Amino acid sequence: MERTYIMVKPDGVERGLVGEIVQRFEKKGYQLLALQLLHPTKQHLEQHYADLAGKPFFPKLINYMLTGPVVGMVWGGKGVVKTGRVMLGATNPLDSAPGTIRGDYCVDVGKNLCHGSDSVESAEKEIALWFPDGVRAYKRHVDSLIYE
């Protein structure tokens, strides 16, 4: 089963959108494997966003991510990485289609509510970073109604 890391950023937590985001993934049929309210340190965030360290917006991104707690989640299912990114919408909310999380709930790229892994490899790296004690899979009976 493919896994992805989805994070609700401080603006999404503050605005009370965690439940809405969880609900969308559940309604799609994906399996919630882990969920935790987290208070990341600057060093932890710098490690998570290391690929963006050279970008001019990097310091602002880290400061924004330190403004409040985040909710880290691991979701599992067929094609969850690619489909999860589609469900979140484009990084810039103004480019996001209505019906996506960002298309429905935000305006500015600097406050875009959520993060989603961009590849299976990134997902596994991010899951290990945010859930160092591991994530346990479990069997759901409902999967027979979702998957062929």
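For clarity, every value in this text was computed on a predicted model and none was experimentally measured.
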> What I'd like to find out is whether the side chain of Asp104 reaches to under 4.5 Å of the side chain of Glu20, using heavy atoms alone.
no

> When rounded to the nearest 0.5 angstrom, what is the spacing between CZ in Phe57 and CD1 in Ile62?
10.0 Å

> Quick test of your reading of the model: are Asp51 and Lys125 salt-bridged, counting only N-O distances below 4.0 Å?
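No, no charged N to carboxylate O under 4.0 Å.
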
> Give, for atom CG of Leu94 and atom CG of Asp108, the distance between the pair rounded to the nearest 0.5 Å.
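Result: 7.0 Å between the selected atoms.
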
> For residues Asn112 and Lys9, report the shortest heavy-atom separation together with the two atoms involved.
OD1-NZ, 2.7 Å

> Checking Ile146 now: which residues fulfil side chain to side chain contact (heavy atoms under 4.5 Å, CB included) with it, not counting sequence neighbours?
Arg140, Val142, Asp143

> Considering all heavy atoms of both residues, which atom of Val109 and which atom of Asn92 are nearest to each other, and what is their separation?
CG2-CA, 3.9 Å

> How close do Pro10 and Gly68 get, counting heavy atoms only, and between which atoms?
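Scanning both residues completely, I find the closest heavy atoms to be CG-O, 3.6 Å.
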
> What's the separation between atom OG in Ser122 and atom NE2 in His115, rounded to the nearest 0.5 Å?
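Here the interatomic distance stands at 7.5 Å.
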
> Taking the side chain as every heavy atom from C-beta outward, state whether Tyr138 and Arg136 have any pair of such atoms under 4.5 Å apart.
no

> Measure the spacing between CG of Leu61 and CG of Leu45 and express it to the nearest 0.5 Å.
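Between atom CG of Leu61 and atom CG of Leu45 there are 8.0 Å.
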
> CZ/Phe58 to CG/Asn63 distance, rounded to the nearest 0.5 angstrom?
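Nearest 0.5 Å value for the CZ-CG distance: 10.0 Å.
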
> Kindly give the heavy-atom pair with the smallest separation between Gly89 and Ser96, and that separation in Å.
C-OG, 3.5 Å

> Decide whether Val81 and Val86 are clustered together by the hydrophobic rule: side chain heavy atoms of Ile, Leu, Val, Met, Phe, Trp, Tyr closer than 4.5 Å, transitively.
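No, no single cluster joins them.
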
> When clusters are formed by joining ILVMFWY residues with side-chain heavy atoms under 4.5 Å apart, either directly or through shared neighbours, do Ile127 and Met65 land in the same one?
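Ile127 clusters together with Met65.
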
> In terms of hydrophobic clustering (I, L, V, M, F, W, Y; side-chain heavy atoms under 4.5 Å; direct or indirect links), are Leu32 and Met7 co-clustered?
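Unlinked, Leu32 and Met7 end up in two clusters.
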
> Check for me, please, whether Leu88 and Val18 land in the same ILVMFWY cluster - side-chain distances under 4.5 Å, paths through other members count.
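Leu88 and Val18: one cluster.
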
> Does Arg102 reach the side chain of Thr91, with side-chain heavy atoms less than 4.5 Å apart?
yes

> Ignoring hydrogens and geometry, is there a side-chain-to-backbone donor-acceptor pair from Arg3 to Glu124 under 3.5 Å?
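No; judged by distance alone, with no hydrogens or angles, the pair does not exist.
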
> Out of curiosity, Lys78 NZ to Glu148 CD, how far, rounded to the nearest 0.5 Å?
6.5 Å

> Locate the shortest heavy-atom distance separating Leu66 from Pro40; write the atom from each residue and the value.
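Looking at all heavy atoms of both residues, the shortest contact is CD2-O, 3.5 Å.
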
> Classify the ring geometry between Tyr30 and Phe25 as parallel (under 30°), tilted (30 to 60°) or perpendicular (over 60°).
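Judged by the thresholds at 30° and 60°, the geometry between Tyr30 and Phe25 is tilted.
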
> Kindly determine whether Lys111 and Glu14 satisfy side chain to side chain contact (heavy atoms under 4.5 Å, CB included), including the steps that lead there.
CA-CA 11 Å; Lys111 303 279 197 271; Glu14 179 75 22; over 6 Å; no

> Which label fits Trp130 and His48: parallel for a plane angle under 30°, tilted from 30 to 60°, or perpendicular past 60°?
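Taking His48 first and then Trp130, their aromatic rings stand perpendicular (interplane angle over 60°).
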
> Give the minimum heavy-atom separation between Pro69 and Leu37, together with the two atoms involved.
CB-CD1, 3.6 Å

> Less than 4.5 Å apart, any side-chain heavy atom of Trp75 and any of Glu2?
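Result no, sub-4.5 Å side-chain heavy-atom pair not found.
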
> Under the side chain to side chain contact (heavy atoms under 4.5 Å, CB included) test against Val13, which residue among Thr67, Leu38, Leu113, Val8 passes?
Val8

> Check for me, please, whether Tyr64 and Val107 land in the same ILVMFWY cluster - side-chain distances under 4.5 Å, paths through other members count.
no

> Where do Ile6 and Met87 land on the side chain to side chain contact (heavy atoms under 4.5 Å, CB included) test, with the steps shown first?
CA-CA 11 Å; Ile6 302 293; Met87 291 169 63; over 6 Å; no

